[in-house]
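Below: the structure, in structure tokens.
Predicted, not measured: the structure shown is a model, and the values here were computed from it.
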Amino acid sequence: MKIKKAVIPAAGLGTRFLPATKSIPKEMLPIVDKPTIQYIVEEVIASGIEDVLIITGRNKGSIEEHFDRAVELENNLEKNNKEELLEQVRSISKMINIHTVRQKDPKGLGHAVCCAKSFVGNEPFAVLLGDDIVDAKKPCLKQMIEVFEKYNSTIIGVQEVAWDNVNKYGIISGEKVNDNTYNVKDLIEKPNRDKAPTNIAILGRYILTPEIFTVLENTKKGVGGEIQLTDGLKELSNIQDIYAYIFEGRRYDVGSKIGFLEATVDFALKREDLKDSFSSYLSKLNLK
Ligand code: G1P
């Protein structure tokens, strides 16, 4: 079955980026000059998906506005013959069909995914977390869709992380079925280092089958008092095969300050209009 829909949970409070996120959604913080959520939406489009549901919450209105027309701004750019900017602004509102729904209470990622039930219906769908930007030759989600087409079952995007960081992630263990795919046997959300079976972490990309909704509706609160998607997936693994795929690409945790800074530097250095002046600035820094 073709994956036609993607869900982007964006209801989190962004406490790691206060005070900036007091009034600005964390998804609107820019890497160079593009909001982080636009990178995610562009990955969705490049992976051939037609409809996106963004799960928002209070104070997230600017996300919707970003993907809508901005008539006054467009008129102004037109009047001043700023054609390139005009095209850029217009193209964002034409990108893809964006739908939104509000998660009324921040009860966790598992609960947020449940809010997508009526949008998704009875078909497999993609979930992309906004804190994880992946820079890859082939878009990360496209790689995952190809794996889904092989197994027709739930696929989780993973990569190894430093052992000191396993307590920040959902961790999987399983049997290797080939160089980059595991048949998942166990999942645990944010384990302490001594409880983690591996250092293979879930990194914000999922292809889920619709059975996840029934499972999540019955999933109890887990780590942090929240309904965890990882716990739902563990339950689902008792009913159907789940595969973890080690995707190719450099993943940035733009929800952390250091990941955000790394992405900013790397993405700026890739920009034709910035790379020369920015790298000459960096080379002048007296880094110890
Ligand atoms: C969420 C998931 C976790 C996953 C992580 C990836 O955690 O619950 O399993 O490893 O995203 O970024 P969060 O970072 O939202 O606490």
Hey, does L229 have a side-chain heavy atom less than 4.5 Å from the side chain of I202?
-> no
Is there a side-chain contact (heavy atoms from CB on, under 4.5 Å) between E74 and V89 once you walk through the steps?
-> CA-CA 7 Å; E74 290 173 28; V89 166; 4.0 Å; yes
Short side-chain to backbone donor-acceptor contact, T198 and I172, under 3.5 Å = yes
Sub-3.5 Å donor-acceptor pair from the side chain of N178 to the main-chain atoms of N180, do we have one?
-> yes
With the side chain counted from C-beta on, respond yes when V158 and L203 share a heavy-atom pair under 4.5 Å apart, and no when they do not.
-> no
Go through N165 and K168 one step at a time and tell me if the side-chain hydrogen bond (donor to acceptor under 3.5 Å, both in side chains) criterion holds.
-> CA-CA 6 Å; N165 288 334; K168 295 183 183 151; 3.1 Å; yes
Spell out, yes or no, whether I145 and L129 are grouped together once hydrophobic residues are joined by side-chain heavy atoms under 4.5 Å, including indirect joins.
-> no
Basic-acidic side-chain contact under 4.0 Å: D164, R193 | yes
Looking at side-chain heavy atoms only, is the closest gap between K117 and E217 below 4.5 Å?
-> yes
salt_bridge(K60, E65) N-O dist < 4.0 Å = no
Just wondering, do K138 and E146 contact through their side chains at under 4.5 Å, heavy atoms?
-> yes
Kindly determine whether Y252 and D266 satisfy side-chain hydrogen bond (donor to acceptor under 3.5 Å, both in side chains), including the steps that lead there.
-> CA-CA 10 Å; Y252 296 88; D266 288 356; 2.6 Å; yes
Spacing of CE belonging to M144 relative to OH belonging to Y206, to within rounding of 0.5 Å | 9.5 Å
Test item: V7 and V113 side chains (from C-beta on) under 4.5 Å apart, heavy atoms = no
Do the non-hydrogen side-chain atoms of P191 and N167 ever get within less than 4.5 Å of each other?
-> no
Steps toward side-chain hydrogen bond (donor to acceptor under 3.5 Å, both in side chains) verdict (Q143, Y245) | CA-CA 9 Å; Q143 298 174 39; Y245 165 69; 2.9 Å; yes
Does the pair R90 and E83 meet the rule for a salt bridge (charged side-chain N to carboxylate O under 4.0 Å, His left out), with working shown?
-> CA-CA 10 Å; R90 278 198 176 139; E83 267 139 43; over 6 Å; no
Between CD1 of I212 and CD of E235, what distance do you get to the nearest 0.5 Å?
-> 9.5 Å
Output the distance between atom CG (D132) and atom CD (Q159), rounded to the nearest 0.5 Å.
-> 10.0 Å
Report the distance from atom CG of L208 to atom CZ of F148, rounding to the nearest 0.5 Å.
-> 10.0 Å
Evaluate the side-chain contact (heavy atoms from CB on, under 4.5 Å) criterion for residues L236 and T209: first the C-alpha distance (whole Å), next the side-chain angles of each, then the deciding distance (0.1 Å), finally the verdict.
-> CA-CA 10 Å; L236 188 65; T209 57; 4.1 Å; yes
Given side-chain contact (heavy atoms from CB on, under 4.5 Å), test I156 with L233 step by step and report yes or no.
-> CA-CA 9 Å; I156 307 173; L233 287 167; 4.0 Å; yes
Can you establish whether the number of heavy atoms outside K270 located under 6.0 Å from its atom NZ is more than 12?
-> no
So does D179 have more than 12 non-hydrogen atoms from other groups sitting under 6.0 Å from CG?
-> no
Applying side-chain contact (heavy atoms from CB on, under 4.5 Å) between V52 and each of I45, V44, I40, T100, report the one that passes.
-> V44
Are R16 and S256 side-chain neighbours, meaning at least one heavy-atom pair lies under 4.5 Å?
-> yes
Should the heavy atoms of other residues, nucleotides or ligands under 6.0 Å from CZ of R69 be counted, would the total exceed 12?
-> yes
Side-chain donor or acceptor of D68 paired with backbone N/O of E64 under 3.5 Å = no
Report yes or no: do L53 and V41 belong to one cluster of Ile/Leu/Val/Met/Phe/Trp/Tyr joined by side chain heavy-atom distances under 4.5 Å?
-> no
d(D253 CG, I133 CD1) to nearest 0.5 Å is 10.0 Å
Within 6.0 Å of CG in N122, more than 12 heavy atoms from elsewhere | no
For A268 and L274, the nearest pair of non-hydrogen atoms, with its separation, is O-CB, 3.7 Å
Answer yes or no: are there more than 12 heavy-atom neighbours, outside K104 itself, under 6.0 Å from its atom NZ?
-> no
For G130 and V254, the nearest pair of non-hydrogen atoms, with its separation, is O-CG2, 3.7 Å
Please say whether the positively charged group of R251, taken as NZ for Lys or CZ for Arg, lies over the ring of F247, i.e. under 6.0 angstrom from the six-membered ring centre and within 45 degrees of the axis.
-> no
In terms of heavy-atom contacts, A20 and L29 come closest through CB-CD2, 4.3 Å
Heavy-atom count around E123 CD within 6.0 Å, excluding the residue itself: above 12?
-> yes
Test side-chain hydrogen bond (donor to acceptor under 3.5 Å, both in side chains) applied to Q88 and E84, step by step = CA-CA 6 Å; Q88 211 179 69; E84 213 174 294; 5.8 Å; no
Between S283 and S279, is there a donor-acceptor pair closer than 3.5 Å when you use the side chain of the first and the backbone of the second?
-> yes
Smallest heavy-atom separation, P25 atom then N59 atom, equals CG-O, 3.5 Å
Does a side-chain heavy-atom distance below 4.5 Å link I239 with V215?
-> yes
Test: K4 cationic atom under 6.0 Å from F125 six-membered ring centre, within 45° of axis | no
Polar side-chain atom of N192 near backbone of K195 as donor-acceptor pair, under 3.5 Å = no
Any side-chain hydrogen bond (donor to acceptor under 3.5 Å, both in side chains) pairs touching residues 219-233, not counting sequence neighbours?
-> E189-T230
Between Q103 and A11, the two heavy atoms sitting closest are OE1-CB, 3.2 Å
Is the F17 to F260 ring centre distance short of 6.0 Å?
-> yes
Geometric cation-pi criterion K5 and F119, 6.0 Å radius, 45° cone = yes
Heavy atoms only: give me the nearest I96-I49 pair and the separation to one decimal.
-> CD1-O, 3.3 Å
Between E149 and K2, is a salt bridge (charged side-chain N to carboxylate O under 4.0 Å, His left out) present by the stated rule, with each step listed?
-> CA-CA 8 Å; E149 281 163 357; K2 201 171 174 289; over 6 Å; no
Under the side-chain contact (heavy atoms from CB on, under 4.5 Å) rule, what do I242 and S153 come out as? Steps first, then yes or no, please.
-> CA-CA 6 Å; I242 292 188; S153 203; 5.6 Å; no
Ignoring hydrogens and angles, tell me if any N or O in the side chain of N183 forms a donor-acceptor pair with the backbone of Y243 under 3.5 Å.
-> no
To the nearest 0.5 Å, what is the distance between OH (Y169) and NZ (K190)?
-> 10.0 Å
Pair F267 and Y39, ring centroids less than 6.0 Å apart = yes
So, are K94 and E87 salt-bridged, with charged N and O less than 4.0 Å apart?
-> no
